[in-house]
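A short worksheet on the structure shown next.
Proteins get letters first, then strands, A, B, ... in listed order; numbering begins at 1 in each.
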Amino acid sequence: MSNQTERRVEDLLSRSKLSTNDSASSSNVSMRQSLPSTSSSVVEQPADIDKEKLSSQLRNLQNSRKMTPSARSMQSFREKLPAFNMREGFLKAVAANQVLVISGETGCGKTTQLPQFILEEEIDNLRGADCSIICTQPRRISAISVATRVASERGEELGETVGYQIRLESKRSAQTRLLFCTTGVLLRRLVQEPDLVGVSHLLVDEIHERGMNEDFLIIILRDLLPRRPDLRLVLMSATINAELFSKYFGDAPIMHIPGFTFPVTELFLEDVLEKTRYKIRSECDSSAGSSRKKRFSSVKSDPLSDLFEDIDIDKEYGNFSITTRQSLEAWSADKLDLSLVESTIEYICRYEAEGAILVFLTGWDEISKLLDKIKGNTFLGSSNRFLVLPLHGSMPTVNQREIFDRPPVDMRKIVLATNIAESSITIDDVVYVIDCGKAKETSYDALNKLACLLPSWISKASAHQRRGRAGRVQAGFCYRLYPKVIHDAMPQFQLPEILRTPLQELCLTIKSLQLGAVSSFLAKSPQPPDPLSVKNAIELLKTIGALNDMEELTSLGRHLCTLPLDPNLGKMLLMGSVFQCLDPVLTIAAALAYRNPFVLPIDRKEEADAVKRSFAGDSCSDHIALLKAFVAWKEAKCSGRERSFCWESFLSPMTLKMMDDMRNQFFDLLSDIGFVSKTRGVKAYNQYGSDLEMVCAVLCAGLYPNVVQCKRQGKRTAFYTKDVGKVDIHPSSVNAFVNQFPLPYLVYSEKVKTASIYVRDSTNISDYALLLFGGSLIPSKTGEGIEMLGGYLHFSAPKRTIELIQRLRGELDKLLERKIEEPGLDIFSEGKGVVAAAVELLHSH
DNA sequence: GAGCACTGC
């Protein structure tokens, strides 16, 4: 630090009123209850409405609508669904049992019919005014589409008695009696209203998927039921694990509804090879006589792959041709043979009847390589008879109509997809499914506090779901490119999400719902998470100051509970509002909380990378690139060039729109907890919004303890983190292949192990940013300098500088503490000197 | 020195 900077910082600090006013920060200020004032999720009942009158009105309306011609044709459609025959039995079971488990396969109509049966019954029995039925869905799209379907079956406009509510979007009214919402929306409602007062029936759909929200909801509900004896709970699951949920709810009765789908013929690898005569060539040169096991031993295998490599092919597959047996000998369970996929597609296209083909692959790279192969294929690539479409969550094709549309006659649609086509996107005209049997799956390594994203064998449940994608409109075929013995050894279902992800957000919510000690609450889960994962989450919450040493919520923690965000991102928002750079921080937090707006086009990825880098400029920051892209989008939108801008800049307009809406939601929530005033607007909290040093410092405050040390090694830089040591910058980052960084640290939003351990989005920051906005400062045991992150980071400087930094940091912490205790106080004007001193220091590197 | 499963408040 230069003498000049030091003097200016000292001067600014001494002029600050706050530094002479210690008593204020320690005063026992009464806590503001931080319950949001918005209650949009609660149905507002006119207080003095005559309930009897309303109930009979609802019945008359329902009866009259049944008589219209369109309702009659709807009714005859409904009567064909397998669920229809179960109507009376189902309603009786609901009346007689507090909890009921429904098992049913796709096509049985459980999602659209069961909630509707309850609604009809309640209205018929003149309980329409008192009933409030909620049906949760794991995904936004399904909440909307199911609600739309049910409303039309009832001959109503959406939003009358049937409505939906998802984040930032709802169609409902005071008349709404059946609400489809995402599980996340219901969980947020529970935070405000732990007993779900007014809800008469709750149906939780798709619980077999074992999503984190659904598992969490189920634990809460089991505790809630005794307090709400009048509440009826219906759990809807695929047949595969209905038993587990029944047991969890004290042997609740299970009712099975048969499904209806067209038959799908399945072929396994051995059958496919026999049929197509494709010859698999071994990757490595295997000398005759050497076992396959030996040949692959260098590759780290999984139990399922090992299992196959131990099999004596000639003995096990004696009925198959010699070429098939040779191919099975050469087949590798570890690496997908894309030529096999290609030749299977070609076989179907040459010899089988018409119908779209859906290929399940694991990721971007496989899709891209297979697409190239198909383009180069003499049969598939050289005519206009084939429409080949990549389908990946981050590809620009994901929202294009042609995925769903039927192609012109004489043209066959071939979709190369990831898991997205397993449940999120449904393509009706698929007749052939080709399944590679694997998917990229997250797991959580609690020992190294590391999220992993690695390809692994799917479960039998997933394999079944993928197969079912071929039988939606007619009888279909499923080509499984793995042997039957592997299929038979697959796990029944995937591990629940609660065992595969970091738990900090969940733990914070448990705290805010006052559900007792986090670990004892989570022990009640159908499959409890590893105690070490829970410990890691609690430790992180302590590190960022959301919990104290007693594991109690701090004031900061209480604020974070009200923000529907990862606690780190919530803290980033609060810091952005306190330190006057709210506008950029709203954008960055929205992007990190939702998804990256940059798309990954398959054929122009170099251009896409270049555009992203140009947004970043010389900031060495992916977060700043996001920010600049969003600002440029806003400008383009105002001047009516949104479409061309997004196309040229490789940005997703839908993601940007969602980010924009989320920014508004965050601002409203910050206003609810008193950090900002809605009437004053974002601009009133944005004095340093254009000061990138300050923005990056706030990023540091939010992302801490996600810190990387950059260490020069010759011409290159090596990167290290406390938890796992050496890491790499993800090649998609604007910081990838930067040899020399201007500043010594990076903060990152996500660290994932794939082929290597990668930091995905990062921002280069100075030691001053870390010292002022990072973790708490601890004097070095050696006497010289300061430490952070449990001694992992060490800062040395002259004593005088260290003291000055510590003093400034102390003032900043006090300022923040006061603001958190009393969000409404305008301490910014009071703390001007402290903030100005911090800004001075941040600019001095 | 080379890669990006999918949801949700």
Listed partners of A:His487 passing ring-ring contact (aromatic ring centres under 6.0 Å, His included), at least two apart:
A:Phe268
Contacts of A:Phe650 that satisfy ring-ring contact (aromatic ring centres under 6.0 Å, His included) - sequence neighbours left out
none
Among all residues two or more places apart in sequence or in another chain, which pass the salt bridge (charged side-chain N to carboxylate O under 4.0 Å, His left out) test with A:Asp435?
A:Arg466
Which of A:Ile434, A:Ile414, A:Val430 passes side-chain contact (heavy atoms from CB on, under 4.5 Å) with A:Leu358? Answer is A:Val430
When you compare the protein's N or O atoms with those of nucleotides 6-9 of chain B, which come within less than 3.5 Å of each other, and at what distance?
residue	atom	partner	partner atom	Å
B:dC6	OP1	A:Gly393	N	2.4
B:dC6	OP1	A:Thr418	OG1	3.4
B:dG8	OP1	A:Arg140	N	2.5
B:dG8	N2	A:Glu505	OE1	3.3
B:dC9	OP1	A:Arg167	N	2.8
B:dC9	OP1	A:Thr182	OG1	3.0
B:dC9	OP2	A:Arg140	NH1	3.3
B:dC9	O2	A:Arg188	NE	3.4
B:dC9	O2	A:Arg188	NH2	3.4
B:dC9	N3	A:Glu505	OE2	3.0
B:dC9	N3	A:Pro564	O	3.3

Using whole Å, what does the distance between atom [atom2] of nucleotide [N] and atom [atom1] of [X] come to?
{"X": "A:Gln465", "N": "B:dA5", "atom1": "CD", "atom2": "C1'", "result": "16 Å"}
{"X": "A:Lys605", "N": "B:dC4", "atom1": "NZ", "atom2": "C1'", "result": "10 Å"}
{"X": "A:Leu453", "N": "B:dA5", "atom1": "CG", "atom2": "C1'", "result": "5 Å"}
{"X": "A:Asp761", "N": "B:dG3", "atom1": "CG", "atom2": "C1'", "result": "13 Å"}

Any pair with a residue in residues 591-600 of chain A that passes salt bridge (Lys or Arg N to Asp or Glu O under 4.0 Å), sequence neighbours left out, goes on the list, sorted by first then second residue, please.
none
Which pairs would a plain distance check flag for residues 496-505 of chain A, meaning a side-chain donor or acceptor within less than 3.5 Å of a matching protein atom at least two apart in sequence or in another chain?
residue	atom	partner	partner atom	Å
A:Glu497	OE1	A:Met212	N	2.6
A:Arg500	NE	A:Leu495	O	3.0
A:Arg500	NH1	A:Thr442	O	3.3
A:Arg500	NH1	A:Thr442	OG1	3.0
A:Thr501	OG1	A:Glu497	O	2.9

Can you tell me if A:Lys440 touches the phosphate of B:dC4, counting only side-chain N or O atoms and a distance under 4.0 Å to OP1 or OP2?
yes
Looking at the angle O4'-C1'-N9-C4 for a purine or O4'-C1'-N1-C2 for a pyrimidine, is B:dC4 syn or anti, with syn meaning within 90° of 0?
syn
